[in-house]
Structures are given as structure tokens and as C-alpha cells.
Number of protein chains: 2
Amino acid sequence: MPRERKTVVSDVAIGDRVIPVAAAMFRRLGYARTSTRELATRLGIQSGSLYHYINGKDDLLYQICSSALTHIEEAVRKATAAAPVERKLEVVIKRHLISALTDSDSHATMLVELKALSAERKAAVIRQRDQYEELIRTIIEESQAAGVVRADIEAKYLTLGLLNLLNWSIFWFDPDGPLTEDELARVLAAVFLDGARGGGARASG
Amino acid sequence: MPRERKTVVSDVAIGDRVIPVAAAMFRRLGYARTSTRELATRLGIQSGSLYHYINGKDDLLYQICSSALTHIEEAVRKATAAAPVERKLEVVIKRHLISALTDSDSHATMLVELKALSAERKAAVIRQRDQYEELIRTIIEESQAAGVVRADIEAKYLTLGLLNLLNWSIFWFDPDGPLTEDELARVLAAVFLDGARGGGARASG
DNA sequence: GTCTATACTTCGATAGAC
DNA sequence: GTCTATCGAAGTATAGAC
């Protein structure tokens with residue numbers, strides 16, 4: 001047993017808890033209404049001590065937004081690289097959902113609290129977001145070129161529609177509800193790929 | 001010319017400008033970061049005078065959220081009542097978009113700043129939101145029963161998927177962009193009803 | 001209906017001891 | 001690395017004159 005091992009309840013160093021605890025608070029209360037005093041209290045330290053771990057409140061928000069986008073882009077990029085073109089979009093949907101739901105506090109914060117960032121940092125996060133959007137759009141364009149996705153709607157709008165569908169699911173998906181993550185991915189893939197009138201069985205035969 | 005007619009630039013009474021100006025600020029800055037001082041300034045009055053028009057800042061937020069939901073529900077309910085069942089969903093999509101885009105500051109605020117409301121008022125707005133959701137779900141269930149919408153996905157999830165698609169479009173739709181509102185409605189209807197592989201022409205035949 | 005003035009609260013961040 | 005103490009700024013709302 002290493003000598004420095006802390007014997008606190010959670011057994012996780014305070015420095016490693018700052019980001020997840022802050023993301024959970026930002027999601028629940030919003031960035032502006034989350035006070036550094038309350039954040040410190042939840043970490044079990046005084047508000048003054050918090051500044052040993054962070055440079056400032058806005059730094060915290062930037063790290064949360066930026067890392068959420070870095071992680072999801074890497075996950076989707078890796079997973080789709082090896083997939084055949086007919087299956088790439090299914091893989092996008094599944095990996096995007098896994099990443100967004102695993103990191104749901106950070107993703108919710110990134111989606112909703114971006115406006116609270118300073119101008120330069122907001123621009124940096126928007127660049128990352130645009131880059132991820134471009135990854136998805138490229139996959140859709142490839143799918144169109146291969147004839148597996150309709151070409152009568154511009155890839156741009158198919159991309160935005162897909163991201164609407166995926167991103168905002170984290171606000172109503174309940175991990176303890178009747179649907180598993182995989183089932184949610186199957187449902188959203190069915191809706192996006194085949195549509196509400198497509199694919200499945202009808203009630204009246 | 002009525003004697004009380006004001007000769008201000010906008011020719012609109014301050015009392016009628018409070019809600020729209022506040023909604024625009026809440027959308028841009030967030031509720032918490034919007035100060036009543038700045039709101040008063042934009043209305044051309046002092047901060048103390050603002051309280052002649054409002055009871056409190058939270059009252060303003062509640063009115064914005066509540067009226068956004070009241071208007072959209074009434075618009076969609078009226079428009080769908082007369083439509084034949086095969087066309088009801090197209091009407092939902094079009095009317096929802098028209099209402100949300102016409103009132104986009106209020107809708108964006110309702111979607112994103114709900115958490116800033118007091119517990120009781122938040123619950124009241126959530127009740128309204130659930131009621132609107134139920135209207136949409138009922139229409140989807142009727143469509144399923146009529147055999148015009150797939151029955152292998154629960155109406156609940158088709159509803160949530162549709163609302164994802166519609167609601168969050170207001171955050172990227174640009175009224176001055178290449179797409180008109182009607183064209184956006186057509187695109188989203190095509191995606192939701194027929195899916196990304198459905199309906200249209202393919203690139204390679 | 002609009003003003004000025006201000007009471008009261010809360011916040012982010014820092015200083016400096018230990 | 002954590003504490004106590006506090007500075008300076010900003011916020012919501014109210015009081016009371018006009």
C-alpha cells in the first residue's frame with residue numbers, strides 16, 4: 001500500500017473530483033448559479049483551498065466543455081474508421097450515445113452553458129464542435145456517395161438533424177428507466193435511418 | 001390620433017416590450033447573468049422603475065416559459081384538429097416550427113433556463129410541457145393505429161425523437177440563411193417520416 | 001410612472017498564517 | 001495543501017420624493 005494513499009470515503013483525490021463534481025453542479029444549477037463556495041463544500045474543503053486546484057471558475061467550465069468534445073470525437077473517429085460504409089452511421093449513433101451518456105454532466109454543460117464562456121474560449125470550443133460536426137458530415141457524405149443514404153437532402157441538414165436527435169436525448173434518457181443504452185441506440189438509429197413510417201410493422205397489417 | 005399616444009422611436013409601450021426584451025437577453029446571456037439593471041437600461045428606464053412593470057425577475061422567466069408553451073400547444077392543436085390522419089404529423093412539424101421560430105427567444109429560454117425557476121413554478125411549466133408532449137404522443141398513436149406510422153417503436157420514443165428534432169433546430173436555424181422556414185419544415189418532415197435512407201434519390205442510382 | 005438612493009445579500013478571488 | 005479573513009464588485013429589490 002503506497003504511503004500517500006488517502007483514507008477518505010471515496011478514496012479519490014480531491015484534484016480528480018473537481019471536474020466531475022463541478023460538471024454535475026453546472027448541469028443541475030447552471031454555471032452562473034453554481035458558487036465556488038458550494039463547490040468547495042461538496043469537495044470537503046474551504047472555498048479558499050479550492051484555488052489550489054483551479055485557476056478560476058471559467059477555467060473549470062472550459063475544461064469541461066473541451067474535454068467532452070475531445071473524448072467524443074476520438075471515440076467516434078476510432079470506431080468508424082474500421083467500419084464498412086454501409087454500417088458507419090449505425091456506429092456513429094451508438095458511439096456518440098455511449099460517450100454522451102457516460103459523460104452526461106459534461107455534455108449537458110457543454111451544450112447549454114457554452115454562452116457563459118469568455119469570447120476567446122467560447123470560440124475555441126465552437127471550433128472543436130465544428131470539427132466534430134465535420135467528422136459526422138463527412139461520414140454522411142460518404143454514405144450518400146455510396147448510395148446508402150438519400151442524396152436529395154444536403155449532408156449539412158442530415159448532420160444537424162442527426163445531432164439534434166442524439167445530443168438532446170441525454171436530457172430525457174433515464175439510465176434507470178426501461179431502456180438500456182443499446183436499446184436507445186437501436187431506436188434512434190431506426191428513426192434516423194428508416195423514419196417513422198419506414199421499416200417496421202404497421203398496426204393494421 | 002389618441003391623446004395618450006407616445007412619440008417614442010419604437011411606438012410600442014414599455015409594458016409591451018418587457019417580455020420580448022427580457023426573453024432576448026435571457027437567451028443570449030442566460031437568466032442568471034441577465035441583470036435587472038441592464039434590462040431596465042435596454043428599456044430606456046432606471047432599474048427602480050422596472051418594478052412598476054414586473055413583480056420580480058423570476059416572474060418574468062415564468063411568464064416567458066409559460067406563454068411559449070401555451071401558444072405552441074394552441075397552434076398545433078388547432079391546426080391538427082382538422083387535418084386527416086395521414087397528414088397530421090406533417091402539420092405538427094410545420095406548425096411547431098412556425099411557432100418555435102416566431103417566438104424563438106422565448107422557446108430557447110424555456111428549453112434551457114427552466115432550471116432557474118423556483119420549485120413550484122418549475123413544476124407548473126413541466127406540467128405544461130408534459131401536456132404538450134401528450135398532444136404529440138396522441139397524434140402519433142392515432143397515426144400508428146391508422147397504419148401510417150410504424151408500430152414497432154413505442155409512441156413515447158417516436159415523440160421524444162420528434163421533439164428533439166424540432167426543438168433544438170431553433171439553435172442553429174438562421175432566418176437569414178439559405179433555407180426558409182417552410183423548407184426547413186420539409187427537410188425535417190422528410191427525415192423524421194422517411195429517414196435518412198428512405199424516400200429520395202440515391203447518388204449511384 | 002419615473003426618478004434617486006440605498007439596504008441587504010452573495011459572489012469570485014486573494015492574502016497570509018500554519 | 002488547507003485554513004481564516006476579507007476585499008471589492010455586482011446583484012435584487014425597496015423606500016420615498018416628485
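A note on names: the letters A, B, ... follow the listed sequences, proteins ahead of strands, and every chain is numbered from 1.
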Given atom CZ of B:R33 and atom P of D:dA10, what is their separation to the nearest angstrom?
12 Å

side-chain contact (heavy atoms from CB on, under 4.5 Å) partner of B:L160, the single match among A:F173, A:W172, A:F171:
A:W172

Looking at every heavy atom in both A:V92 and A:L162, which two are closest together, and how far apart are they?
CG1-CD2, 4.3 Å

Under 3.5 Å, is there a donor-acceptor pair between the B:R27 and B:S104 side chains?
yes

Measuring to OP1 and OP2 of D:dT2, would you say a side-chain N or O of A:Y53 lies under 4.0 angstrom away?
yes

Nearest-nucleotide pick for A:S47, side chain only, options being C:dA13, D:dA13, C:dT2:
C:dA13

Which nucleotide, C:dA13, D:dT2, D:dT14, lies nearest any side-chain atom of A:R37?
C:dA13

B:E38 CD to D:dA9 P, straight-line distance once rounded to whole Å:
19 Å

Counting just side-chain N and O atoms, does A:H52 come under 4.0 Å of either OP1 or OP2 of D:dT2?
no

Taking atom types as modelled, is there a side-chain donor on A:E133 or A:T159 under 3.5 Å from an acceptor on the other?
no

Using the side-chain heavy atoms of A:Y51, tell me which of these nucleotides is nearest: D:dG11, C:dA13, C:dC3.
C:dA13

B:I54 CD1 to D:dT14 P: how many Å, rounded?
10 Å

Closest listed nucleotide, where the reference is the side chain of A:S35 and the choices are D:dA13, C:dC11, C:dA13
C:dC11

Please report the distance, rounded to the nearest Å, between CG in B:L39 and P in D:dA10.
18 Å

Write down the distance between CD (B:Q46) and P (C:dA5), rounded to a whole number of angstrom.
10 Å

Distance, rounded to the nearest Å, where A:R17 contributes CZ and D:dG1 contributes C1':
15 Å

Does A:S49 have a side-chain nitrogen or oxygen under 4.0 Å from the phosphate oxygens OP1 or OP2 of D:dC3?
yes

Here the distance between atom P of C:dC11 and atom OH of A:Y31, to the nearest Å, is 13 Å

Could you check how far CG of B:L50 sits from C1' of D:dA13, rounded to whole Å?
10 Å

Counting only heavy atoms not in B:K94, do more than 12 sit closer than 6.0 Å to its NZ atom?
no

Of the options D:dT2, D:dA13, C:dC11, whose atoms approach the side-chain atoms of A:I14 most closely?
D:dT2

Quick one: which of D:dA13, C:dG12, D:dT2 gets closest to the side chain of B:T36?
D:dA13

